[in-house]
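Chain A is the first sequence line, chain B the second, and so forth, proteins listed ahead of strands; every chain is numbered from 1.
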Amino acid sequence: MTIGRGVFIFVVVVTLAFFSYNAQRLVRYMRTVGRPDDRSDNPVTRIRNLILIGFGQTKILRDPVAGSLHALVFWGFVVLTIGTGEIIISGLFPGFSYAMILPGPIYALYTLSQELFALLVLAAVTVLLYRRIVVKPARLQGDKVHSGDAILILSMIGALMVSLLSLGAFEFALHPGSGTIFQPISLALSHALTGLPTWGLEAGRATSWWFHALLILIFLNYLPYSKHLHVLTSLPNTYLSNTSGPGVKGAMSYMDLEAEGVEHFGASDVTQLGWKNLLDSYSCTECGRCTAACPAHITGKLLSPRKIMINTRQRLMELAPLATGDFGEFEHPQLSAGEGGDAGDATATAALQNTLLDNYITEEELWACTSCRACVQECPVSIDQLDIINELRRSLVLMESRFPPEIQPAFESMERNGSPWAFNPGDRGKWAEGMDIPTMAEMIERGERPEVLFWVGCMGSFDDRAKKIAVAFARVLQAAHVRFAILGQEEKCNGDPARRMGNEYLYQMLARDNIETLDRYGVETIVTNCPHCFHQIGNEYPQLGGNYEVIHHSTYIEKLLEENRLPLNGEGKQLTVAYHDSCYLGRYNDVYEAPRETLRRSLPMMTLVEPPRTRSKALCCGAGGGRMWMEETVGKRINAERTEELLATGADVLAVACPFCMTMIGDGVKGQDSDVPVYDISEVVAQQLL
Amino acid sequence: MKIAVCIKRVPDMDVRFKIAAIGNAVDEAGLKFDMNDFDSWAVEAALQIKDRDAATEVVIVSLGTDAVQETIRKALAMGADRGVELKTDHIPFDGLAIARALAAELKDGGYDLVLFGKQSADSSNGVVGAMVGELLGLPLVTAISKLEISGQKGSAKREIEGGQEFVEFPLPAVLTIDQGLNIARYPALKGIMAAKKKPLEVKPAQLGAQTVTVTQMELPPERAPGRIIGEGVAAVPELVRLLQTEAKVL
């Protein structure tokens, strides 16, 4: 074995050196091109994400079939990597075995785990190959999305498993009696080999060993050229994923508009994205779960979150060799090809002139986004596609004033009137006339302080349908004798529409005005019926120094019901109700149970039914991300798609917990010529008040 | 080419106005101010000429208190080059006084075009642009909804009662802009940052004698609230009766 050993040491050194070269190249691309982005915060949340989403595979299991198969392959990889170590070490130091350092029972358990996982992985890989080649699920297809790379990777994994098992089988056939019941599969296979001559068995064992060991090293070196780079990046990517801390998700990144020396706001190219956005792009395996869940994509719009990620990677691969002076550039076809285009063909001059925006991602794609977070929710490796969309929108608006013309009146009205619609700001408190609801100013003047401030929002203040929600919720608060006030005409739009549409400047103007008002009154607790106000003030105002306890009315009413503070007609009606989850309540804030519990407690005889896409998989109503103010001319209307799903449950009543969902679903029901009523959960409760 | 755009700072019209205690002016407490819409279209018209010919200089002129600086900065953020504030302690009602002050500023400026909105949203006299044209002795076209400039000649379209009128004029000229010519661009943050560094000159306004003054202001009479008589066919006879006897429209 001395010649063999020498060859193997040479191969290991060369392959590890080549792998290290490629790995540092990719890291250097990411860190040189991307902007700094601190990911050292919230270590507890990060470790939790790593354990649950990374090792626990919780997000990939959201697709039960493909997810289970993938989880098997992943866990197999983790377990078998230990065995890989043994094989490589034994090549360097012949005769090495873990049996030399592990106690007997543990070594037996180890050998059993290798055998079982090798078989399970082989079975899973076979089904996955069948899926890729024969079934071809829709979400794995797309413009220039090819399965070749995946088939190659799956075949390599399969071959690794076969050679691992055959290695044991030849070993036991050569040395009958050496195998134990803790190596059942190799042992069983070895019986089939007993007829072979010794030289044949030795050749078989050597071939299996060399094939397995070399394939591992080839596999490792192929990864940096493959979209299956996620094998290496997914765990770090999950640990480093966007997290604003426990319970806070989806807060847009803080932007310092006064910063010295900043010449570009938002991002029009990869150089203006954070390095983590670029790591995200390495980690995308093009599984298409994001795109399959995207309401814009489902209804025929151009947007595909997967394409956003692939394009980011393509653009990085086009620019980074030039930006880093990397002259040892090798071909990396799978990293620069894919959905929506190829990055490999540009000349150096063109590569420097291209930008991610326009050359890869069009304006139309970006404005189709409802910011519903379904893509982020579905991504098994915790990629944040939405962050890139938001940064590109910011650049469009802040740098170029490029946006659909119909949102300009909304911007202008937010600036002039403090609401996205041209209503008289003096009329903001008008919905409450005759209800004996004091404004904050009136209450303070009387020398009183409210328990909570009711933040009404622009919809509740001005929209005819939503005003009824404000009235209903106020009646619920009054019935429970909650001492509350409103801001009246001192309230302004929370700024969420401006922020989601990329207008950070306008957003900060509105948010700072509101924070000034809230702090002037020393407001501590805010309750609101609008999930956008709820998310924005609670989760994003802290970036600007506004810190308040903000409670959505679903949670607040549930608490009032639980404390028996609401005098209700105990029986209620016998109804079937379908509840539609709001994105900013559900996916952004994990509030799924409170609105349902509120319905159950106020209507004890009700049957709650769920549409197929529900809770964290719910389909957006189509109003978020500023889509409320934009035309929807391409494809099917999102609200129509969602309303059809809700009506298909056969419910007598549709319930929502967001005034924007109310408008969209209400319009959807009218569009279906249906007379099923749509109620806000607070209206359902108010109807049951004695 | 050198273009002057005269703009006015006006209160936002989406509010309910109150009359100030002195009785002849609007109570400005709580009002939001912005550029007059017609004037913003005039700024846009000038910037569109500048977009085609980068050598164009666009100068913003506004008469008023120092508060107009904010409005001038907005025009600079849209892309104009520099601003001139003609400072007064208040904006007079007398259009001729304003026109004289503006003409004094504009007459030696060497402008090829002087643009105005056709009227202001607050006083709605619609005379200042025309008066400046007269005082400067330049060709004047009012209320244009389409504009083309080529060389030292211009052509414009005007919406008139029941039709459209096409006119041609030599430069320099004074134009007032009607709705429909364009949609004013939205200032990007990049423009807002750049506007902070653009020159803004403050000069005293030479208003001269003011001959017209407002003596009193009144709000329009409150409209009686609508009435619901009933629903469906049963309500029709009563509706017809009321339309005949009370509203007297049938």
Side-chain angles (χ1 to χ4, degrees), chain A residues 255-266 268 393-430 441 462 488-490 492 498-499 501-510 513, chain B residues 9-19 26-41 43-44 47-48 50-51 67 70-71 73-80 121-122 179-197 219-220 223 225-226:
Chain A
M255 192 178 232
D256 185 354
L257 298 176
E258 307 287 320
E260 283 294 318
V262 174
E263 282 172 5
H264 199 105
F265 298 97
S268 63
R393 277 187 175 192
R394 278 172 162 172
S395 180
L396 279 172
V397 174
L398 298 176
M399 300 305 294
E400 303 178 66
S401 278
R402 254 165 81 193
F403 45 74
E406 63 268 22
I407 63 177
Q408 185 159 341
F411 283 158
E412 283 166 348
S413 195
M414 276 186 265
E415 190 173 334
R416 289 183 190 177
N417 308 319
S419 125
W421 299 280
F423 288 108
N424 177 1
D427 290 345
R428 194 173 266 272
K430 231 176 167 181
F462 296 118
Q489 52 177 306
E490 286 187 280
K492 283 185 171 185
R499 194 170 212 203
M501 290 192 276
N503 198 337
E504 184 72 12
Y505 178 73
L506 178 56
Y507 159 70
Q508 292 197 10
M509 199 151 66
L510 291 163
D513 278 356
Chain B
R9 175 181 161 87
V10 297
D12 178 33
M13 290 294 133
D14 293 326
V15 298
R16 204 155 295 130
F17 289 96
K18 285 189 222 115
I19 293 170
V26 166
D27 180 2
E28 294 192 355
L31 291 185
K32 278 269 196 177
F33 288 80
D34 202 346
M35 195 189 306
N36 182 37
D37 280 341
F38 289 103
D39 302 347
S40 71
W41 301 322
V43 173
E44 178 63 33
L47 292 176
Q48 287 185 4
K50 187 179 165 71
D51 286 345
E70 189 192 359
T71 316
R73 290 273 179 222
K74 182 173 177 182
L76 298 181
M78 288 168 70
D122 52 356
Q179 191 162 10
L181 179 67
N182 56 45
I183 295 166
R185 66 192 62 189
Y186 188 76
L189 179 58
K190 190 183 172 193
I192 294 168
M193 295 299 190
K196 289 180 182 169
K197 298 187 187 112
L219 290 173
R223 272 210 326 212

Proximal component of B:M193, with respect to chain A [non-hydrogen, under 4.5 Å]: side chain

If you count the non-hydrogen atoms of other residues, nucleotides and ligands that lie under 6.0 Å from CD1 in B:I19, is the total more than 12? yes

Give the minimum heavy-atom separation between A:L398 and B:A188, together with the two atoms involved. O-CB, 3.1 Å

For A:F403, is it the side chain, the backbone, both, or neither that has a heavy atom closer than 4.5 Å to a heavy atom of chain B? side chain

Between chain B and chain A, identify all donor-acceptor pairs below 3.5 angstrom, including backbone and side-chain atoms.
from	atom 1	to	atom 2	distance (Å)
B:D14	OD2	A:N417	ND2	3.3
B:R16	NH1	A:D427	OD1	3.2
B:R16	NH2	A:D427	OD2	3.2
B:K32	NZ	A:E415	O	3.4
B:D34	OD2	A:R416	NE	2.8
B:D34	OD2	A:R416	NH2	3.3
B:D37	OD1	A:R416	NH2	3.4
B:A184	O	A:Q408	NE2	2.7
B:Y186	O	A:S401	OG	2.2
B:Y186	OH	A:N503	ND2	2.9
B:A188	N	A:S401	OG	3.1
B:L189	N	A:L398	O	2.8
B:K190	N	A:L398	O	2.9

From B:I192 atom CD1 to A:L506 atom CG, the distance as rounded to the nearest 0.5 Å: 9.0 Å

